[in-house]
Amino acid sequence: VFKRFVEIGRVAFISFGPHAGKLVAIVDVIDQNRALVDGPCSGVRRQAMPFKCMQLTDFVLKFPHSARQKCVRLAWQKENINEKWAATRWAKKIEAREKKAKMTDFDRYKVMKAKKMRNRIIKHEMKKLQKLASKKGKKPEKSEKLEKAPKSEKPGKAPKSEKAQKAQKAQK
Amino acid sequence: MAGEKAASEKKPGEKKPGKKKPSEKKPAEQKTGPKEGGEKKKRIRKHHASRNPVLARGIGRYSRSAMYARKALYKRKYTAPETKIEKKKKEKPRATITKPVGGDKNGGSRVVKIRKMPRYYPTEDVPRKLLSHGKKPFSQHKRRLRASITPGTVLILLTGRHRGKRVVFLKQLDTGLLLVTGPLAVNRVPLRRAHQKFVIATSTKVDITGVKIPKHLTDAYFKKKRLRKPKHQEGEIFDTEKEKYEITEQRKSDQKAVDSQVLAQIKKVPQLRGYLRSTFCLSNGVYPHKLVF
C-alpha cells in the first residue's frame, strides 16, 4: 500500500514554506512531526523541518543517522540525485507548469498555432484511416484492412512528435 | 601748496581699495582740483573724505538733511539706465485708427477708437478669489508613460472600435496620448491615437529604432474637426454637421510612409504578422490577473 517511507536518507521534496521547491535528505527524526533535514546540494541548511511540508520521493541515500553535512553531500553526489530528479516526470511536470505560467501573449499565440497545426495533421490521418476502413469494410477483405492500418499509423505519429517539439520550443 | 600738489599728483593713478573709507585715515587730503578732474575723467576720481566729523562712535556732527546740502546731492541725481522693457513700454500703442466710410455716406474717412470703453458695468463686482498654487491647465500637466510601454511595443487596445486588436506603439504625443499603428495592411488599424490607460502593454517588442516618423503627426493633426457656422437657420442646423468621415490623401500617404518601414521590421520576426492579425480574447479559465503579458 505504501511504497515510500520516512527513513534516514530518504530524499524529500519541500512543497511549501521558505524552501519550497527544493530537495532535502532526511538525516534524523526528531519526534512525531519533525525531522532533521539537510540539503547540501540544493541550498538548504541543516535544520528541523515538519513532515507536513515534505513530500517523499523515490530516492534513498545511504548514510548513517545524524551524519554530518559532508557525508550527506558525498552520498548525494555519488547517487547523482540532482540529475536523477531532473529526469523524473515529477520534476518535468513542475517545470512545464512554470513555463506555462511565464508564457507571454506572443508565446500563447505561437502555442495555439502549433497545437492547431498538430491537431489538423492528426485529424487528417484519422480521416484517412476511417476512409480506408469504410472502403475495406464494404469489400470482404479483412486482411488488407489489418495490413493498411499499422502502415498509415506510422506517418501519423511522425508529425505528432514534431508538433510536440515545436510546442515545447514555443513554451520556452 | 606745492608740496601738497606734488603729493596729490603722485596718487591720482592709484586705486584706493575702499572708496568710502572714514576720514580718520586721511585727514589732510583734499579733492584734486577741477583741473585734475577735467584732465583725467577716465581715471577713477579721488573721493573726498567724510564731510561729517565724528563726535562719538556712530554719531556725526550733522543731520541727514544738513549732509544732503553739504554733499551737494541736489546736484548729483542719477537715474538707472533704461532697460529694454521700459523702452518697449514707452512706445505707446495706437489709440485710434482711421477707416473709410462705406455704405450710404460713401467716401471720406472716420476716426475709430481701437480700445473702446466697456458698454456694460455689472452692479456687483466679481469677488476676489483666494490664492491657489499648483493648479495648472491641461497643457502644462506632466505627461507620464508606463515603463512597460517603449517605442515598438505591441499593445492590446481595450476600448474603441478596434478593441482586442494588437497594435504597434510608435511614440507618445504632446497631450500624452499614444500614437499607434496597425499597421493598416495587417489589422486595419490606421495611424491613430490611443489612451495609455485603456491599453495592455505586452512584452513583445518590434525594433523601431530605424523608423522615422514624420514630424507633422501631432495632436492637432489627429484632432476631430467640427464645422461651426451657426447662422440660426432653424431648418438646417443638424444637416451642416459633417456626418461622413473622409480619409484625406495626406493621411493615406502618411500611413504608407510609416507602415512600409514598420512592416519591414515585422516581417523579420517569425509569426509576428499573424500575431498582430489576431485579436485578444478571454475564455473560460483565463484570468487577466494571472496572465503574463
Side-chain angles (χ1 to χ4, degrees), chain A residues 13-22 53 55 86 89-127 155-172, chain B residues 146-158 162-169 180 182-183 186-187 189 194 198-208 262-263 265-293:
Chain A
F13 172 81
I14 303 175
S15 51
F16 61 85
H19 295 287
K22 296 183 188 162
C53 68
Q55 292 174 354
R89 282 183 180 266
W90 187 350
K92 285 184 193 161
K93 274 191 268 173
I94 294 170
E95 205 200 318
R97 222 180 294 144
E98 280 174 21
K99 278 204 184 135
K100 193 173 181 190
K102 274 192 218 165
M103 264 205 290
T104 73
D105 199 39
F106 190 24
D107 293 336
R108 260 174 261 131
Y109 169 79
K110 287 190 248 181
V111 167
M112 182 265 283
K113 283 288 172 187
K115 267 196 198 169
K116 219 174 168 184
M117 223 196 292
R118 177 177 183 244
N119 289 335
R120 280 230 174 100
I121 293 169
I122 293 170
K123 255 193 215 162
H124 185 61
E125 293 299 319
M126 269 298 289
K127 291 266 160 96
K157 278 185 185 172
K160 259 193 219 177
S161 55
E162 278 173 25
K163 290 312 131 198
Q165 278 172 21
K166 196 171 187 189
Q168 276 177 14
K169 276 185 190 171
Q171 279 174 10
K172 283 175 192 174
Chain B
R146 289 194 290 214
S148 52
I149 304 179
T150 62
T153 313
V154 173
L155 306 172
I156 301 175
L157 299 176
L158 296 173
H162 298 289
R163 61 195 85 104
K165 290 200 182 166
R166 296 178 172 106
V167 125
V168 177
F169 167 68
V180 128
V186 168
N187 52 17
V189 176
F198 304 110
V199 131
I200 296 179
T202 64
S203 49
T204 322
K205 314 238 184 236
V206 183
D207 188 12
I208 274 198
V262 176
L263 267 174
Q265 296 297 323
I266 288 172
K267 285 191 178 167
K268 289 185 185 171
V269 182
Q271 295 189 301
L272 188 62
R273 190 166 178 271
Y275 174 58
L276 290 174
R277 288 191 75 198
S278 63
T279 47
F280 174 78
C281 58
L282 295 173
S283 58
N284 273 354
V286 177
Y287 307 109
H289 70 289
K290 288 212 160 171
L291 288 180
V292 169
F293 283 100

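Order of the sequence lines fixes the chain letters, A, B, ..., with proteins taken first and strands second; residue numbering starts at 1 for each chain.
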Just wondering, do B/V180 and B/V199 contact through their side chains at under 4.5 Å, heavy atoms? no
Against chain A, label B/V269 side chain, backbone, both or neither, depending on which of its atoms sit under 4.5 Å from a heavy atom there. side chain
Reported NZ-to-CZ distance for the pair B/K205 and B/F169, which is rounded to 0.5 angstrom: 9.5 Å
Under 30°, 30 to 60°, or over 60°: which ring-plane class applies to B/Y287 and B/H289, parallel, tilted or perpendicular? tilted
To the nearest 0.5 Å, how far apart are CD1 in B/I200 and CZ in B/F293? 4.0 Å
Proximal component of A/Y109, with respect to chain B [non-hydrogen, under 4.5 Å]: side chain
Max heavy-atom pair count under 4.5 Å with chain A, selected residue of B/L272, B/I156, B/L291, B/T202: B/L291
